[in-house]
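Structure first, commentary second.
Just so you know, ligand 1 is whichever comes first in the structure, and atom 1 is the first atom listed for that ligand. From a predicted model like this one, the values you see are computed outputs, not experimental measurements.
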Amino acid sequence: MRLLNQHALVTGASSGIGQAIAYRFAREGARVTVAGNEAKALAETVQTIITSGGEAIAVETDVRSKADIERMVAKAIAAFGPIDTLINSAGVCKPAPFLEIEEADWDLHLDINLKGTFLSAQAVAKEMSKRGSGSIIHISSVNGLAAEADQVHYNASKAGINSLTMSMALELAPLGIRVNGICPGFIHTRLTKPLIDNPQAIEPYLKTIPMGRVGLPEEIAAAALFLASDDSTYMTGHSMVVDGGQFIKLS
Ligand SMILES: NC(=O)c1ccc[n+]([C@@H]2O[C@H](COP(=O)([O-])OP(=O)(O)OC[C@H]3O[C@@H](n4cnc5c(N)ncnc54)[C@H](O)[C@@H]3O)[C@@H](O)[C@H]2O)c1
């Protein structure tokens with residue numbers, strides 16, 4: 001067990017990538033605070049971890065709200081003590097052509113994806129700085145490194161996260177806190193299900209991925225485990241691409 005007796009807080013943990021990280025970290029011995037805005041799914045995630053012999057609590061949180069974030073951190077610490085690892089996985093993606101993006105859609109993406117990541121990271125980093133250690137992991141996207149059509153707001157929010165990763169790493173390194181990101185490619189979650197379920201759309205899309213397949217949330221959880229563990233103690237400020245080779249392909 002690589003995270004025995006550690007405490008991990010995962011936002012967006014009631015589904016998809018965040019949930020896979022919560023499950024993997026619990027299997028590796030961590031006590032897990034699962035946070036997010038879907039109460040029923042959070043409770044089910046906690047139940048699954050407990051049934052498997054792990055320890056977890058759920059904290060309903062809207063990552064856009066500073067008050068919610070402060071409550072989330074306080075509840076997490078009250079339950080399981082100091083936080084060793086924060087994973088920011090809460091996010092939304094609602095594609096729309098650039099010319100049709102409403103101001104509300106822009107705000108939704110920037111508020112949940114970027115501001116939510118900032119608020120959680122700042123609140124947890126304040127706590128980690130008291131002990132002089134910790135690992136913060138932002139779930140970004142390859143869309144933060146290159147452009148995908150119909151996702152201008154999403155792309156911008158993820159590029160902002162990659163910048164946040166570097167900027168935070170710079171200021172927090174002297175405090176003993178490492179900050180890294182993961183840029184997943186196309187991962188099988190409910191976010192991508194509409195495309196995966198459409199054979200006419202998914203077949204040409206798979207040709208853009210050298211490995212020729214969609215990734216699994218568990219494959220992102222494995223990268224998060226590396227960044228949370230002592231195997232990455234000299235890494236900070238890096239955004240790790242996990243995408244089956246999609247980003248390197250010119251043709
Ligand atoms: N699936 C992919 O292909 C892919 C690729 C790159 C990056 N990502 C990123 O991975 C992360 C997880 O996405 P996913 O694919 O697992 O989809 P998902 O929809 O299963 O997960 C998103 C999670 O965020 C939570 N969330 C949404 N708004 C919230 C809010 N206001 N407050 C708190 N929680 C909120 C949801 O409850 C959900 O659990 C996202 O940041 C997404 O951008 C996904």
Between side-chain atoms of residues 221-228 and protein atoms elsewhere (two or more places apart, or another chain), which donor-acceptor pairs fall under 3.5 Å?
none

Side-chain donor-acceptor distances from residues 33-44 under 3.5 Å, at least two apart:
residue: T33; atom: OG1; partner: H7; partner atom: NE2; Å: 2.9
residue: E38; atom: OE1; partner: S14; partner atom: OG; Å: 3.1
residue: E38; atom: OE1; partner: R190; partner atom: NH2; Å: 3.3
residue: E38; atom: OE2; partner: R190; partner atom: NH1; Å: 3.2
residue: E38; atom: OE2; partner: R190; partner atom: NH2; Å: 3.3
residue: K40; atom: NZ; partner: E44; partner atom: OE2; Å: 3.1

Open item on the list: Check K75 with E60, please: is the shortest side-chain N to carboxylate O separation under 4.0 Å?
Closed with: no
Open item on the list: With a 4.0 Å cut-off on N to O distance, would you call D197 and K193 a salt bridge?
Closed with: yes
Task: Protein residues having a heavy atom less than 4.0 Å from any atom of ligand 1 - done: G12, S14, S15, G16, I17, G36, N37, E38, T61, D62, V63, R64, S89, A90, G91, I112, I139, S140, S141, Y154, K158, P184, G185, F186, I187, T189, R190, L191, T192
Open item on the list: The criterion is salt bridge (Lys or Arg N to Asp or Glu O under 4.0 Å); which residues satisfy it with D107, sequence neighbours excluded?
Closed with: none
Task: Whether F186 and Y205 hold their rings parallel, tilted or perpendicular, with breakpoints at 30° and 60° - done: tilted
